[in-house]
Amino acid sequence: MVIAATQERFCLVCGKRFSGYEQSRGDWAEVRYCSQSCHERRLLPSDRRLEAAIEMLLAWRESKNLGATLAPEEAARFVDRLGWRSLMDATFMAARRLAVSDRLEFLQDGEVVDPDLADGPIQLRRKR
């Protein structure tokens, strides 16, 4: 059964935008994940720690007048100083979830960009 809904949703795990056309089975009202991979992965406690680290580091930087932006690597390093590289995909997903919930913006070359279109180095900042 192919669902013909065009309503867009955001994946609970990776924060990517998806629509009913991309889902081929199941009840559209129950669809929460963009792919089988995200469905199997689910949200982990480390994902919530990354979200908290991003928000906390941005607040700290603003309070110390160190700038209002943050590189995603900084949050990954904060959570795991030695294994931060393995957290980069999860950090990007955490940032996307925060952007979807209107708490964060992605910047590229100083301009706000859609997380789905960001390509290359990015900075994160609180939603203005």
Side-chain angles (χ1 to χ4, degrees):
M1 173 175 141
V2 175
I3 299 170
T6 58
Q7 179 184 14
E8 286 188 333
R9 297 224 175 139
F10 294 93
C11 179
L12 293 180
V13 172
C14 68
K16 287 183 182 177
R17 182 179 302 134
F18 66 97
S19 67
Y21 287 121
E22 297 163 3
Q23 305 301 318
S24 60
R25 56 183 154 63
D27 182 10
W28 177 239
E30 300 297 320
V31 176
R32 292 181 173 87
Y33 308 101
C34 68
S35 65
Q36 186 64 30
S37 172
C38 284
H39 179 73
E40 291 169 0
R41 182 179 183 280
R42 306 284 174 129
L43 282 177
L44 306 171
S46 60
D47 295 324
R48 295 298 183 199
R49 281 194 303 271
L50 284 166
E51 288 178 11
I54 291 168
E55 291 187 305
M56 191 267 316
L57 287 169
L58 282 169
W60 179 80
R61 289 177 63 84
E62 287 175 1
S63 72
K64 299 293 183 185
N65 293 322
L66 297 174
T69 63
L70 176 77
E73 303 86 55
E74 294 176 72
R77 282 188 177 120
F78 183 81
V79 171
D80 186 352
R81 192 167 295 286
L82 298 177
W84 66 272
R85 283 186 176 86
S86 65
L87 292 177
M88 286 308 297
D89 285 341
T91 304
F92 192 75
M93 286 189 246
R96 288 173 77 110
R97 287 190 303 275
L98 291 171
V100 165
S101 63
D102 280 339
R103 298 184 337 223
L104 190 72
E105 293 177 326
F106 278 62
L107 300 173
Q108 216 164 23
D109 297 324
E111 299 293 323
V112 176
V113 295
D114 183 337
D116 292 336
L117 304 176
D119 186 31
I122 61 165
Q123 291 286 308
L124 307 171
R125 77 172 178 203
R126 287 186 189 200
K127 182 86 174 192
R128 292 188 177 171

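Everything numeric in this text was worked out from a predicted model, so none of it was measured. By convention here, the first residue in the shown sequence is residue 1.
- Ile122 has its side chain out of reach of Leu107: every pair of non-hydrogen atoms, C-beta onward, lies at least 4.5 Å apart.
- Listed by chain and number, the residues in a ring-ring contact (aromatic ring centres under 6.0 Å, His included) with Phe10 amount to none (sequence neighbours excluded).
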Residue pair Phe106, Gln123: steps toward the side-chain contact (heavy atoms from CB on, under 4.5 Å) verdict: CA-CA 6 Å; Phe106 278 62; Gln123 291 286 308; over 6 Å; no
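- Of the charged side-chain nitrogens involved, at least one lies within less than 4.0 Å of a carboxylate oxygen, so that Glu74 and Arg61 count as a salt-bridged pair.
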Chi angles and distances behind the side-chain contact (heavy atoms from CB on, under 4.5 Å) call for Thr69, Leu124: CA-CA 5 Å; Thr69 63; Leu124 307 171; over 6 Å; no
Audit row: Leu12, Tyr33, side-chain contact (heavy atoms from CB on, under 4.5 Å) steps and yes/no: CA-CA 6 Å; Leu12 293 180; Tyr33 308 101; 4.2 Å; yes
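- Hydrophobic clustering of Ile, Leu, Val, Met, Phe, Trp and Tyr side chains at less than 4.5 Å, counting indirect connections, keeps Met93 apart from Leu87.
- The pair Arg96-Asp114 does not meet the salt-bridge criterion, since no charged nitrogen lies less than 4.0 angstrom from a carboxylate oxygen.
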Derivation of the side-chain contact (heavy atoms from CB on, under 4.5 Å) call for Trp60 and Leu66: CA-CA 8 Å; Trp60 179 80; Leu66 297 174; 3.4 Å; yes
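- By the 4.0 Å N-to-carboxylate-O rule, Arg126 lies too far from Glu105 to be salt-bridged with it.
- The side-chain heavy atoms of Asp119 and Val113, taken from C-beta on, include no pair separated by under 4.5 Å.
- Under a cut-off of 6.0 angstrom, the local environment of CG in Asp89 is sparse, with at most 12 non-hydrogen atoms contributed by other residues, nucleotides or ligands.
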